[in-house]
Amino acid sequence: MTSFACNAAEIEFLVVHPLFDEPEEKKDVDAAGAMKMTKSVKYSLMALRMYLIFMVGLVFYRVLSGM
């Protein structure tokens with residue numbers, strides 16, 4: 001087990017409240033571009049989309065068949 005000796009008098013931290021801090025620069029969303037996706041990610045997202053469409057279709061079927 002390693003132990004580190006530290007002198008508390010040497011360490012100083014400046015704490016700034018977020019309300020009094022300077023605003024940070026935001027990222028430009030328009031310049032971000034499209035994300036690169038692998039084939040497995042694309043297939044997974046397409047499968048998820050088809051699953052959700054199928055589930056919504058089942059809900060509509062149950063609602064309409066109950067009338």
Side-chain angles (χ1 to χ4, degrees):
M1 182 165 201
T2 307
S3 63
F4 295 100
C6 179
N7 187 356
E10 296 176 11
I11 300 174
E12 291 185 23
F13 295 100
L14 176 63
V15 179
V16 179
H17 192 278
L19 291 176
F20 304 122
D21 196 11
E22 295 180 17
E24 63 183 22
E25 183 179 340
K26 303 296 181 191
K27 294 189 178 194
D28 186 17
V29 178
D30 296 328
M35 291 178 61
K36 302 288 186 211
M37 291 189 288
T38 62
K39 287 183 181 182
S40 62
V41 171
K42 286 183 184 181
Y43 293 145
S44 299
L45 290 174
M46 285 189 334
L48 177 63
R49 181 180 295 172
M50 288 187 284
Y51 172 77
L52 291 174
I53 290 170
F54 180 70
M55 287 296 133
V56 169
L58 282 178
V59 168
F60 281 124
Y61 173 74
R62 291 288 291 180
V63 169
L64 293 177
S65 68
M67 295 181 150

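Values below: all heavy atoms of this structure, side chains included; hydrogens, waters and symmetry mates excluded. Nothing here was measured: the structure is a model prediction, and the numbers come from that model.
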Original post:
Rounded to the nearest 0.5 Å, what separation is found between the CD1 atom of I53 and the CG atom of L48?
Top reply: 10.0 Å
Original post:
Are L45 and L52 connected in the hydrophobic side-chain network, where two residues link if heavy atoms are under 4.5 Å apart?
Top reply: no
**OP:** Carefully, step by step, assess M55 and Y51 under the rule side-chain contact (heavy atoms from CB on, under 4.5 Å).
**Re:** CA-CA 6 Å; M55 287 296 133; Y51 172 77; 3.6 Å; yes
